[in-house]
K.L.:
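Could you have a look at this structure, given as structure tokens, before my questions?
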Amino acid sequence: MAENAAPADDLPLSGITVVSLEQAVAAPFATRQLADLGARVIKVERPGGGDFARRYDTTVHGQSSYFVWLNRCKESVTLDLKTDQGREILEELLARADVFVQNLAPGAAVRMGLGAGELAKRFPSLIPCSVTGYGSSGPWADRKAYDLLVQCQTGLVSLTGSTEEPARVGVSVADIAAGMYAYSGILTALFTRATRGSVRAVEVSLFEALAEWMSQPAYYTAYSGAQPPRVGTRHATIAPYGTYTAADGKDVLLSVQNEREWAALCERFLGNPALTEDARFATGSARVGHRDEVDAILAERIARSESAEVMRLLDAIGIANAPVNDVRQFLEHPVLAGRDRWRDVPLPDGSTAAALVPPVDLAGTEPRMGAVPALGEHTERILAELGHTPERIDALRALGAI
């Protein structure tokens, strides 16, 4: 593993302070990306429990795989926001912050006086970012939303799976989408504040983030009159594009994107150039309409060769292809090793976990890959920065405010 990056003050977001009342996936994913690029992220957690994602599992040296993924480089401070003292400390933190991120339960931020309008009055330079389920207004503003619920609501689950059964996407795609849009929205708001002097609140909902990702099947359905079918590992609107089993029992995926590739596949892999003249296969739409026949031809040919040989032949004629990896094979992927994409991240117990470097490479910049915080690890230090004496900190702890 490569060494961790340079200090945060060498990074693009050095000097930016983010205070976050966050939990689960979407908001922590947004703030972790800010932290990776040098922002100071102060994660406010509940005393005694903290972010409930800490307890999703215990697979990474006793830590949650979700929490380790989403919370490196952050500082954890515990505050009981139901106490006056806890709220006062939060106000002190917000007075020094550039960005405030929250994904509290519906309506909770407004009830606590932490809505965008209220914050603008008290902290006019603070950029508030709210991550919600279905938006802060509208008929579903008060509904809870979790990733799989949103996958169902947007219709994504109806597109995913086999012809016999729908399936969820195997990662938290709605949360990830919302986290990405929150991240980009915050960067845009920071740029706007720096260049125009105006402060813009940011709001992202899980539903609307994933709705954007559903645009292509939405257009297809609205204008064709029928939604794309569930076709397992095949592509609903491109053919051939899917998996086929080779002679050694391993699956190979291939993709034909245009007529030139189709001609090359017919002539140099299938050994049947006459297929390009067959009206059933002459265009992409025609091949989709005769998918079963296309698949039968390819399945018969691929079943006669070992998977490595199939991929070698497809590479030679410029047809995109891939083995169907499991997660272990992904972890050992030669691209990740060859491009030095792994770093060791410290965990609270002193052990480390291998983490992937963020996918956006900024020239001359190595992202910060700092430690995953223990619950409340930085409480005393942060309170001392705010001017609280050791005696005052002890008193706050005795009151249960921290």
K.L.:
Within the structure provided, determine whether V252 and V324 are in side-chain contact (heavy-atom separation under 4.5 Å).
P.N.:
no
K.L.:
Would you indicate whether the side-chain heavy atoms of I297 and F281 approach each other to under 4.5 Å?
P.N.:
yes
K.L.:
Taking all non-hydrogen atoms of both residues into account, name the closest pair between R72 and L356 and its distance.
P.N.:
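Looking at all heavy atoms of both residues, the shortest contact is NH2-O, 3.7 Å.
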K.L.:
Any salt bridge linking R280 with D278? Criterion: basic side-chain nitrogen under 4.0 Å from a carboxylate oxygen.
P.N.:
yes
K.L.:
Please check if the number of heavy atoms outside Y66 that lie under 6.0 Å from its OH is greater than 12.
P.N.:
no
K.L.:
For the pair V256 and L254, evaluate side-chain contact (heavy atoms from CB on, under 4.5 Å) and give the outcome as yes or no after the intermediate values.
P.N.:
CA-CA 7 Å; V256 169; L254 66 84; 4.3 Å; yes
K.L.:
Look only at the side chain of R122 and the backbone of G113, and say whether a donor-acceptor pair between them is shorter than 3.5 Å.
P.N.:
yes
K.L.:
May I ask you to say whether K74 pairs ionically with E45, meaning some side-chain N is under 4.0 Å from a carboxylate O?
P.N.:
no
K.L.:
Is the shortest heavy-atom distance from the side chain of T31 to the side chain of N71 under 4.5 Å?
P.N.:
no
K.L.:
Would you call R234-D295 a salt bridge at under 4.0 Å N-O?
P.N.:
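Salt bridge: yes.
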K.L.:
Any side-chain heavy atom of I16 sitting closer than 4.5 Å to one from V18?
P.N.:
yes
K.L.:
Assess whether side-chain contact (heavy atoms from CB on, under 4.5 Å) is satisfied between Q151 and L148, documenting all intermediate values.
P.N.:
CA-CA 5 Å; Q151 289 192 37; L148 183 51; 4.2 Å; yes
K.L.:
Locate the shortest heavy-atom distance separating P367 from T365; write the atom from each residue and the value.
P.N.:
CD-O, 3.8 Å
K.L.:
Please report the shortest heavy-atom distance between A141 and P106, naming the atom on each side.
P.N.:
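Between these two residues, the closest heavy atoms are O-CB, 3.4 Å.
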K.L.:
Can you give me the closest heavy-atom contact between S198 and T192, atom names plus distance?
P.N.:
OG-CG2, 3.3 Å
K.L.:
D98 and R193: salt bridge (charged side-chain N to carboxylate O under 4.0 Å, His left out), yes or no, with the steps?
P.N.:
CA-CA 10 Å; D98 299 282; R193 190 184 69 172; 2.9 Å; yes
K.L.:
Please name the pair of heavy atoms, one in V310 and one in S305, separated by the smallest distance, quoted to 0.1 Å.
P.N.:
CG2-CB, 3.7 Å
K.L.:
Between S76 and G376, is there a donor-acceptor pair closer than 3.5 Å when you use the side chain of the first and the backbone of the second?
P.N.:
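It does hold such a pair.
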K.L.:
Does the pair R343 and E366 meet the rule for a salt bridge (charged side-chain N to carboxylate O under 4.0 Å, His left out), with working shown?
P.N.:
CA-CA 11 Å; R343 300 290 184 275; E366 172 76 6; 2.7 Å; yes
K.L.:
Before giving the answer on side-chain contact (heavy atoms from CB on, under 4.5 Å), spell out for V25 and D147 the whole-Å C-alpha distance, their side-chain angles and the decisive distance to 0.1 Å.
P.N.:
CA-CA 9 Å; V25 176; D147 184 85; over 6 Å; no
K.L.:
Between E118 and L114 (side chain of the first, backbone of the second, donor and acceptor by atom type, cut-off under 3.5 Å), is there such a pair?
P.N.:
no
K.L.:
Using a 4.5 Å cut-off on heavy atoms from C-beta on, say whether the side chain of I317 contacts that of F269.
P.N.:
yes
K.L.:
Do we see a donor-acceptor contact under 3.5 Å between the side chains of H388 and E380?
P.N.:
no
K.L.:
Apply side-chain contact (heavy atoms from CB on, under 4.5 Å) to the pair C266 and N272, showing each step before the final yes or no.
P.N.:
CA-CA 5 Å; C266 292; N272 189 356; 5.6 Å; no
K.L.:
So, taking the atom named CG in L81 and the one named CD in E88, what distance separates them when rounded to the nearest 0.5 Å?
P.N.:
11.5 Å
K.L.:
Taking E203 for the side chain and S136 for the main chain, is one N or O donor matched with an acceptor at less than 3.5 Å?
P.N.:
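A pair under 3.5 Å: yes.
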K.L.:
Check this for me, if you would: do R368 and D10 make a salt bridge, where the nitrogen-to-carboxylate-oxygen distance has to be below 4.0 angstrom?
P.N.:
no
K.L.:
Please check if the side chain of Q63 supplies one atom and the backbone of V60 the other of a donor-acceptor pair under 3.5 Å.
P.N.:
no
K.L.:
Give me the atom names and distance for the closest heavy-atom approach of A209 to V204.
P.N.:
CB-CG1, 4.4 Å
K.L.:
Kindly indicate, with the supporting measurements, whether the criterion salt bridge (charged side-chain N to carboxylate O under 4.0 Å, His left out) is fulfilled by R230 and E165.
P.N.:
CA-CA 8 Å; R230 289 195 307 273; E165 184 180 14; over 6 Å; no
K.L.:
Under a 3.5 Å cutoff, is there a donor and acceptor pairing between the side chains of S20 and Q102?
P.N.:
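Judged by distance alone, the side chains do not pair up.
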K.L.:
Taking the side chain from H61 and the backbone from T352, do they hold a donor-acceptor pair closer than 3.5 Å?
P.N.:
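Pair found, side chain donor or acceptor close to backbone of T352.
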K.L.:
Are W140 and F207 close enough that their ring centers fall under 6.0 Å?
P.N.:
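No, too far apart.
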K.L.:
Calculate, to the nearest 0.5 Å, the distance between atoms NE2 and CD belonging to H333 and Q329 respectively.
P.N.:
9.5 Å
K.L.:
Closer than 4.0 angstrom, basic N to acidic O: yes or no for E91 and R96?
P.N.:
no
K.L.:
Only pairs under 3.5 Å count here: list side-chain donor-acceptor contacts from residues 176-191, not counting sequence neighbours, and write none if there are none.
P.N.:
residue : atom : partner : partner atom : Å
Y181    : OH   : W213    : NE1          : 3.1
S184    : OG   : M180    : O            : 3.3
S184    : OG   : Y181    : O            : 3.1
T188    : OG1  : S184    : O            : 2.8

K.L.:
The criterion is side chain to side chain donor-acceptor pair (under 3.5 Å); which residues satisfy it with R341, sequence neighbours excluded?
P.N.:
D361
K.L.:
When you measure from the side chain of E267 to the backbone N and O of P273, does any donor-acceptor pair fall under 3.5 Å?
P.N.:
no
K.L.:
Please determine whether side-chain hydrogen bond (donor to acceptor under 3.5 Å, both in side chains) holds for the pair Q257 and S255, giving the CA-CA distance in whole Å, both sets of side-chain angles, and the decisive distance to 0.1 Å.
P.N.:
CA-CA 6 Å; Q257 296 283 313; S255 171; 2.8 Å; yes
K.L.:
Does D51 reach the main-chain N or O of A24 with its side chain, forming a donor-acceptor pair under 3.5 Å?
P.N.:
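Judged by distance alone, yes, a pair lies under 3.5 Å.
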K.L.:
Considering the options V131, L70, V101, D175, which one meets the side-chain contact (heavy atoms from CB on, under 4.5 Å) requirement together with P28?
P.N.:
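The passing option is L70.
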K.L.:
Roughly how far, to the nearest 0.5 Å, is the CH2 atom of W262 from the CD1 atom of I319?
P.N.:
10.0 Å
K.L.:
Tell me whether R32 contacts the main-chain N or O of C73 through its side chain, where contact means a donor paired with an acceptor under 3.5 Å.
P.N.:
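Looks like no, no N/O pair under 3.5 Å.
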K.L.:
S172 versus Y146: any side-chain heavy-atom pair under 4.5 Å?
P.N.:
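In short, these two side chains do not touch, never coming nearer than 4.5 Å.
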K.L.:
Can you tell which of R40, K43, H378 makes a side chain to side chain donor-acceptor pair (under 3.5 Å) with E75?
P.N.:
R40
K.L.:
For the atom pair CG (L126) and CG (L119), what is the distance rounded to the nearest 0.5 Å?
P.N.:
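Interatomic distance, L126 CG to L119 CG, rounded to 0.5 Å: 6.0 Å.
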K.L.:
Drop me the distance from L159's CG to T221's OG1, to the nearest 0.5 angstrom.
P.N.:
7.0 Å
K.L.:
So, the side chain of S64 versus the backbone of A53: is there a donor-acceptor pair under 3.5 Å, distance only?
P.N.:
yes
K.L.:
Are P166 and S158 close enough that some pair of their side-chain heavy atoms sits under 4.5 Å apart?
P.N.:
no
K.L.:
Quick one: pull up CG in L383 and CG in L93 and give me the separation to the nearest 0.5 Å.
P.N.:
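So the CG of L383 and the CG of L93 are separated by 7.5 Å.
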